Amino acid sequence: MPKRYELPPLPYAYNALEPYISEEIMRLHHDKHHLSYVNGANAALEKLEKYRKGEMQIDVRAVLRDLSFHFNGHMLHSIFWPNMAPQGKGGGQPGGYLADYIARDFGSFDAFKKEFSDTAKTVEGVGWAVLYYDSLNDQLLVLGVEKHNLMHAANLSVLLALDVWEHAYYLQYKNDRASYVDNWWNVVNWDDVEARLRKALGK
Ligand code: MN
């Protein structure tokens, strides 16, 4: 059987991130939006398989564009969910290697937080703010990603991702993306981010 992507379950209850992110948003976001990216990636794979067997004519460029969009949507959401944790477990500041890297590469945690927040608030249209580990230079980088895949950088490890598509906040924050971004810091799961950095460092 050909391999297919699957929707991972949320690592906590749908209402676990309240009051910062509502249960209604989490249900729609995970069960409908994330699932649509899983299904979209699988649909592109199926088209490619039929094309490889000569069973289907396809517009290769369009199918690969769909695959990139949906695959990256699936990957970023799969990191976004465990990047967050319920109140009491999330928020605050990181320790470990992450604290050292942030201090070295951004100057201070506050400077990092400002850069990441400004990135999230200014993504044009819909997209993500992402903290990466760049193994080429052994450094952390913050980049904005448009949609799920545009302006994406190859060969960087995603450590922390913040979804700023409207479906991530509109039902609760309306058009006030900035308040959503500011409140989101209360649910960041620094232990998860630290684990991703250790994996990238091979520690
Ligand atoms: Mn999303």
Side-chain angles (χ1 to χ4, degrees), residues 4-45 64-87 89-91 113 115-132 141-154 156-190 192-193 196:
R4 290 290 179 266
Y5 300 111
E6 290 180 11
L7 180 68
L10 275 185
Y12 36 70
Y14 289 101
N15 64 359
L17 303 181
E18 291 190 340
Y20 305 108
I21 303 178
S22 71
E23 176 175 352
E24 184 183 23
I25 285 177
M26 292 300 287
R27 282 190 184 280
L28 287 168
H29 197 174
H30 177 270
D31 295 3
K32 304 292 184 189
H33 292 280
H34 187 170
L35 179 63
S36 77
Y37 304 129
V38 172
N39 291 340
N42 288 335
L45 287 182
L64 294 184
R65 189 182 177 89
D66 278 353
L67 181 60
S68 167
F69 175 85
H70 291 290
F71 174 79
N72 277 306
H74 174 39
M75 288 305 298
L76 284 167
H77 284 92
S78 296
I79 293 169
F80 180 55
W81 308 129
N83 269 172
M84 299 184 287
Q87 262 190 298
K89 294 180 185 167
K113 188 174 171 182
E115 185 173 326
F116 192 92
S117 293
D118 286 346
T119 301
K121 291 173 186 177
T122 58
V123 167
E124 196 172 338
V126 298
W128 298 75
V130 180
L131 173 67
Y132 295 92
L141 284 175
V142 172
L143 293 174
V145 174
E146 293 180 4
K147 296 204 268 186
H148 298 312
N149 51 344
L150 299 182
M151 298 176 71
H152 196 66
L156 300 181
S157 304
V158 175
L159 304 179
L160 176 66
L162 170 55
D163 191 335
V164 291
W165 283 58
E166 285 184 343
H167 67 226
Y169 61 89
Y170 206 87
L171 285 170
Q172 187 175 357
Y173 293 92
K174 300 299 185 284
N175 60 339
D176 188 3
R177 187 198 291 183
S179 290
Y180 160 68
V181 170
D182 291 339
N183 276 334
W184 175 77
W185 291 102
N186 290 297
V187 295
V188 174
N189 182 355
W190 292 112
D192 181 67
V193 185
R196 291 176 194 281

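All ligand and atom numbering here is 1-based and tracks the order in the structure. Computed from a predicted structure; not experimentally measured. Residue numbers run from 1 in the order of the sequence given.
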Undergrad: Extract all donor-acceptor atom pairs below 3.5 Å that involve side chains of residues 16-25 and protein atoms in other chains or at least two apart in sequence.
TA:
| from | atom 1 | to | atom 2 | distance (Å) |
| --- | --- | --- | --- | --- |
| Glu18 | OE2 | Glu23 | N | 2.9 |
| Tyr20 | OH | Gln87 | NE2 | 3.4 |
| Ser22 | OG | Ile25 | N | 3.2 |
| Glu23 | OE2 | Arg27 | NE | 3.0 |
| Glu23 | OE2 | Arg27 | NH2 | 3.1 |

Undergrad: Can you check the number of protein N/O/S atoms within less than 2.8 Å of the Mn ion (ligand 1)?
TA: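 If we list every protein N, O or S atom nearer than 2.8 Å to the Mn ion (ligand 1), we get 4.
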
Undergrad: Return each pair, listed once, that meets salt bridge (charged side-chain N to carboxylate O under 4.0 Å, His left out) where at least one residue sits in residues 156-172; pairs must be two or more places apart or across chains.
TA: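 Non-adjacent pairs meeting salt bridge (charged side-chain N to carboxylate O under 4.0 Å, His left out): zero.
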
Undergrad: Would you say the ring centers of Tyr173 and Trp184 fall short of 6.0 Å from each other?
TA: no

Undergrad: Tell me, please, which residues at least two apart from Arg65 pass side-chain hydrogen bond (donor to acceptor under 3.5 Å, both in side chains).
TA: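 With neighbours one apart ignored, the set is empty.
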
Undergrad: Would you please indicate yes or no on a ring centroid separation below 6.0 angstrom for Tyr5 and Tyr37?
TA: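 Here the rings of Tyr5 and Tyr37 have centres that are no less than 6.0 Å from each other.
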
Undergrad: Between His77 and Trp165, is the gap from one ring center to the other below 6.0 Å?
TA: no

